[in-house]
Novice: 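One structure is given below, represented as structure tokens, and several questions about it will come after.
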Amino acid sequence: MLWILLAVFLIWTIFPLFWLVSTSFKGDKEILSNNELHLLPQQPTLQHYENAFGKTHFGTYISNSVKVTLISSTLVLAAAIMGGYALARYQFKGKKAIMVIMLASQMVPLITAIIPMFVLYSKLQLIDTLASLIITYTATNIPFCMITMSSFFTRIPVSLEEAAQIDGCNRFQSVVRVVLPVMLPSIVAVFVFAFTGCWNELFYSIMMINSEKLRTIPAGLMNFVQKYDIDWGQMSAAASVTLIPVVVMFFAVQKYIVAGLTAGSVKE
């Protein structure tokens with residue numbers, strides 16, 4: 001019974017992705033046909049992919065998304081490691097207050113901060129720049145990632161660091177050479193969370209960016225929705241290409257993600 005339920009859930013999850021990819025290879029007549037519905041394209045074509053890259057700025061959207069996502073995710077990971085270590089290993093005044101503030105920030109809808117952020121970025125002349133997205137994505141992802149990383153650090157025995165320090169390492173060296181290698185699955189899990197959060201973000205990318213050449217993928221996909229028409233073929237093709245980096249990354253690091261996400265599930 002469990003396997004049946006899992007199979008149903010898998011089909012329910014995978015089918016929209018399958019339909020997206022299938023639609024990207026169908027011709028316009030087949031996509032808009034009301035007579036017959038086919039799961040697989042009857043006459044496969046790459047025309048939508050050629051149009052998406054040849055007649056639009058989709059290649060530029062991908063480049064912008066890669067830049068913003070990699071820089072933001074790297075900054076988030078660095079801050080999460082340093083902040084998470086401090087929260088896990090040190091006792092200082094205001095520690096609980098910091099934890100509460102970071103948790104409370106996750107309960108506030110991002111849309112409520114758009115007006116003050118827009119005013120601030122306007123004064124700093126950051127509107128319509130990739131820097132505005134990098135700063136925003138980094139700031140919005142740090143709290144959750146830092147708290148998550150802190151919980152991972154608490155599971156690493158302090159005795160490992162003490163043993164390294166007895167062997168001649170200082171605190172920094174003991175963390176870099178001993179603790180971080182042990183925490184590799186947790187680090188990968190946090191990085192993947194930050195990566196997907198930045199890669200898929202739409203709201204701020206629409207509000208902060210006006211130039212076509214600076215749009216990211218989620219905002220760029222909106223261009224396929226016209227006032228009286230939607231180009232389903234090109235949108236499906238562009239969305240299918242958008243899925244590739246995330247899917248490849250998940251397949252490459254899936255064992256680390258599973259190990260990292262389940263690291264705190266068993267109490268020793």
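Reckoned from all heavy atoms, side chains included, excluding hydrogens, waters and symmetry mates. Since this is a predicted model, take the numbers as computed values, not measurements.
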Novice: Would you sort out whether Thr216 and Ile209 count as a side-chain contact (heavy atoms from CB on, under 4.5 Å), showing the intermediate values?
Specialist: CA-CA 9 Å; Thr216 55; Ile209 302 298; over 6 Å; no

Novice: Looking at Glu50 and Lys55, is there a salt bridge between them, counting it only when a charged N and a carboxylate O are closer than 4.0 Å?
Specialist: no

Novice: Flag this pair as yes if the NZ/CZ of Lys67 is under 6.0 angstrom from the six-membered ring centre of Trp199 and inside a 45 degree cone about the axis; otherwise no.
Specialist: no

Novice: So do the side chains of Leu133 and Met208 get within less than 4.5 Å of each other, counting heavy atoms only?
Specialist: yes

Novice: Where do Thr129 and Ser132 land on the side-chain contact (heavy atoms from CB on, under 4.5 Å) test, with the steps shown first?
Specialist: CA-CA 6 Å; Thr129 65; Ser132 63; 4.0 Å; yes

Novice: So does Phe53 have more than 12 non-hydrogen atoms from other groups sitting under 6.0 Å from CZ?
Specialist: yes

Novice: Which is it for Ile81 and Met149 under the side-chain contact (heavy atoms from CB on, under 4.5 Å) test, yes or no, and what are the steps along the way?
Specialist: CA-CA 6 Å; Ile81 291 175; Met149 190 61 70; 4.1 Å; yes

Novice: If the plane angle is over 60° it's perpendicular, under 30° parallel, otherwise tilted; pick one for Tyr85 and Phe153.
Specialist: perpendicular

Novice: Classify the side-chain pair Thr136/Tyr121 by whether it contains a donor and acceptor separated by less than 3.5 Å.
Specialist: yes

Novice: Would you say that Thr56 contacts Phe224 through its side chain, given a criterion of any heavy-atom pair below 4.5 Å between the two side chains?
Specialist: yes

Novice: Among Asn223, Leu221, Asn51, find the one that has a side chain to side chain contact (heavy atoms under 4.5 Å, CB included) with Phe58.
Specialist: Leu221

Novice: Flag the pair Arg215 / Met222 as yes when at least one side-chain heavy-atom distance between them is below 4.5 Å, and no otherwise.
Specialist: no

Novice: Given side chains that start at C-beta, do those of Arg155 and Ser151 come closer than 4.5 Å, heavy atoms only?
Specialist: no

Novice: Yes or no on ring-ring contact (aromatic ring centres under 6.0 Å, His included) for Tyr137 and Tyr204, after CA distance, side-chain angles and deciding distance?
Specialist: CA-CA 9 Å; Tyr137 294 167; Tyr204 281 110; 7.3 Å; no

Novice: Does Leu5 CG have over 12 foreign heavy atoms under 6.0 Å away?
Specialist: yes

Novice: Assigning hydrophobic clusters by single linkage (Ile, Leu, Val, Met, Phe, Trp, Tyr; side-chain heavy-atom cutoff under 4.5 Å), is Leu10 placed with Val247?
Specialist: no

